[in-house]
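Report on one structure; see the data block that follows.
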Amino acid sequence: HTMDEISAWMNQMERENPDVVSSMIYGKTYEDRNITLLKIGFESTTPKKAVWMDCGIHAREWIAPAFCQHFVKEILGSYKSDSKVNTLFKNLDFYITPVLNMDGYIYSWKEYTTRLWRKSRSPGTGDCTCFGTDLNRNFYANWGMVGISRDCCSDIYNGPTALSEPEAKAVTDFLGAYQNEMLCYLTIHSYGQLILVPYGHPNISAPNYDELMEVGLAAAKAITAVHGKSYKVGTPPDILYANSGSSRDFARLIGIPYSFTFELRDEGNYGFILPEDQIQPTCEEAYQGAMSIINYVHDKNFKSAAITVTATLWTTLTALYISSANVF
């Protein structure tokens with residue numbers, strides 16, 4: 001869908017589901033477009049834990065915004081009838097940005113020659129006449145160390161400085177403001193059929209690497225169960241290539257415990273030009289993968305909390321019983 005269609009759809013979701021959907025503008029693109037997310041979940045008088053999802057950080061990866069739309073459609077269509085999704089809505093808020101790199105996405109729709117545009121649309125600095133920065137190399141996470149280019153005409157140019165791009169700055173500021181609430185960070189890309197865990201630097205390992213791998217492998221298994229497609233799981237240096245300055249790594253560095261990149265279909269046969277008949281099955285399988293992660297994160301936080309409360313209550317009741325028994 002075009003950016004105009006996606007924006008109209010976002011308005012429609014908010015209008016048709018006022019009890020559980022609201023929108024938030026949290027920044028501006030270089031070309032002065034509003035960066036908008038959908039906040040989904042039951043209203044609460046106290047801060048709730050949250051899940052972040054963004055799509056379309058790279059303009060040419062058109063299947064990614066389609067997935068964000070599919071994900072929203074599925075959870076809104078099931079929370080009234082599916083008790084599990086209903087519980088997620090009670091305990092969590094979902095912050096979903098269908099298209100982060102709006103300027104680049106619109107440019108990729110302009111004509112055939114721009115279809116494979118990847119970066120933002122900010123102009124080069126100094127003598128550079130090329131446009132754009134790779135937003136997923138622009139975050140303050142080992143910025144500029146590996147897997148980047150200092151050539152501003154390159155697809156992996158990491159920008160003149162960390163957070164030089166307003167889109168990366170907007171996400172950084174939002175995550176900083178909600179740092180204590182955010183449990184899970186999902187950023188959706190294509191292609192390769194991969195689930196990537198932090199970090200992109202080969203010499204740095206996440207403190208919960210083993211758990212991230214376990215959760216990622218379970219998600220890959222859930223994906224395969226839908227249409228038989230195989231997804232690899234690992235750090236970028238292990239299964240793709242080293243990189244730095246990614247949003248996934250930034251999220252983990254600031255303490256968001258579960259941070260994953262999804263690289264959707266395919267494995268290179270069609271690449272970014274995924275055929276139309278693969279859109280729906282790609283979204284269906286990725287939805288199960290994402291929900292596998294979200295359910296794990298939810299259950300670990302809320303079921304363990306419930307067990308703790310139950311145990312505390314039981315201890316208190318037992319103490320009261322013994323105390324009353326002694327009285328009599």
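Worth knowing before you read on, the calculation uses all heavy atoms, side chains too, and leaves out hydrogens, waters and symmetry mates. If you read the sequence from its start, that first residue is 1, and numbering goes on from there.
At a threshold of 4.5 Å between side-chain heavy atoms, the hydrophobic network of Ile, Leu, Val, Met, Phe, Trp and Tyr places Leu76 and Met10 in one connected group. Val72 and Ile279 fall within the same hydrophobic cluster, defined by Ile, Leu, Val, Met, Phe, Trp and Tyr side-chain heavy atoms under 4.5 Å apart, directly or through other members. A continuous path of hydrophobic side-chain contacts links Phe260 to Ile63 [ILVMFWY only; heavy atoms under 4.5 Å]. Side-chain heavy atoms closer than 4.5 Å link hydrophobic residues (I, L, V, M, F, W, Y) into clusters, and following such links, possibly through other members, connects Ile96 to Val51. In terms of hydrophobic clustering, with Ile, Leu, Val, Met, Phe, Trp and Tyr side chains grouped at heavy-atom distances under 4.5 Å, Val21 and Ile75 are assigned to a common cluster.
At a threshold of 4.5 Å between non-hydrogen side-chain atoms, the residues Leu264 and Gln278 do not count as touching. Put simply, the side chain of Glu5 does not reach to within 4.5 Å of the side chain of Gln69, judged on heavy atoms.
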* Stepwise side chain to side chain contact (heavy atoms under 4.5 Å, CB included) check, Tyr191 with Leu274 -> CA-CA 9 Å; Tyr191 58 92; Leu274 198 65; over 6 Å; no
* To do: I would like to know whether Thr125 and Cys152 meet side chain to side chain contact (heavy atoms under 4.5 Å, CB included); could you show each step before the answer?
  => CA-CA 8 Å; Thr125 56; Cys152 72; over 6 Å; no
- Item | Verdict with supporting geometry, Tyr231 and Glu263, side chain to side chain contact (heavy atoms under 4.5 Å, CB included) | CA-CA 9 Å; Tyr231 274 56; Glu263 296 281 358; over 6 Å; no
Please evaluate residues Cys153 and Cys128 with respect to the criterion disulfide (SG to SG under 2.5 Å), reporting the C-alpha separation (whole Å), side-chain torsions for both, the decisive distance (0.1 Å), and the verdict. CA-CA 8 Å; Cys153 295; Cys128 179; 4.5 Å; no
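Here the options are Arg137, Arg60, Arg118, the test is salt bridge (charged side-chain N to carboxylate O under 4.0 Å, His left out), and the partner is Asp155; only Arg60 passes. When each of Arg121, Lys119, Arg33 is checked for a salt bridge (charged side-chain N to carboxylate O under 4.0 Å, His left out) with Asp103, only Arg33 meets the rule.
With rounding to the nearest 0.5 Å, the separation of CG in Asn101 from CD1 in Ile35 is 9.0 Å. Between the CD1 atom in Ile293 and the OG atom in Ser259 there is a gap of 10.0 Å [rounded to 0.5 Å].
A ring-centre distance under 6.0 Å is found for Phe42 and Tyr79. A distance below 6.0 Å separates the ring centres of Tyr26 and Trp52.
The list of ring-ring contact (aromatic ring centres under 6.0 Å, His included) pairs with a residue in residues 114-164, not counting sequence neighbours, reads Tyr107-Trp117.
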Just distance, no hydrogens or angles: give the donor-acceptor pairs under 3.5 Å from side chains in residues 194-203, sequence neighbours left out.
unit_1, atom_1, unit_2, atom_2, d
His201, ND1, Asn203, N, 3.0

Listing, residues 172-186 side-chain donor-acceptor contacts under 3.5 Å, not counting sequence neighbours, or none:
unit_1, atom_1, unit_2, atom_2, d
Thr172, OG1, Ala168, O, 2.9
Asp173, OD1, Lys169, NZ, 3.2
Asp173, OD2, Lys169, NZ, 2.8
Gln179, NE2, Ile254, O, 2.8
Tyr185, OH, Asp54, OD2, 2.9
Tyr185, OH, Ser247, OG, 3.2

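If you check the side chains of Lys80 and Asn86, you find no donor sitting under 3.5 Å from an acceptor. Using modelled atom types and a 3.5 Å distance limit, the side chains of Glu111 and Thr113 yield a donor-acceptor pair. Ser164 and Asn138 are linked by a side-chain donor-acceptor pair at a separation below 3.5 angstrom, with hydrogens and angles left out of the test. Remark: the Tyr258 side chain and the Glu211 side chain contain an N/O donor-acceptor pair separated by less than 3.5 Å. Gln288 and Glu284 form no side-chain donor-acceptor contact under 3.5 Å, judged by distance and modelled atom types alone.
For Lys28, the NZ atom is densely surrounded, since the number of other residues' heavy atoms within 6.0 Å is greater than 12. Within 6.0 Å of the NE2 atom in His1, the count of heavy atoms belonging to other residues, nucleotides or ligands does not exceed 12.
Heavy-atom minimum distance, Ser108 versus Trp62: OG-NE1, 2.9 Å.
In this structure a side-chain-to-backbone donor-acceptor pair under 3.5 Å is missing from Asn34 to Thr36. A donor-acceptor distance shorter than 3.5 angstrom exists from the side chain of Ser120 to the backbone of Thr133, with no hydrogens or angles considered. Of the possible polar contacts, none joining the Lys49 side chain to the Leu92 backbone as a donor-acceptor pair under 3.5 Å is found. Judged purely by atom type and a 3.5 angstrom limit, Arg115 uses its side chain to pair as donor or acceptor with the backbone of Phe272.
Ring geometry for Phe94 against Phe89 counts as tilted: the plane angle lies between 30° and 60°, on a 0 to 90° scale.
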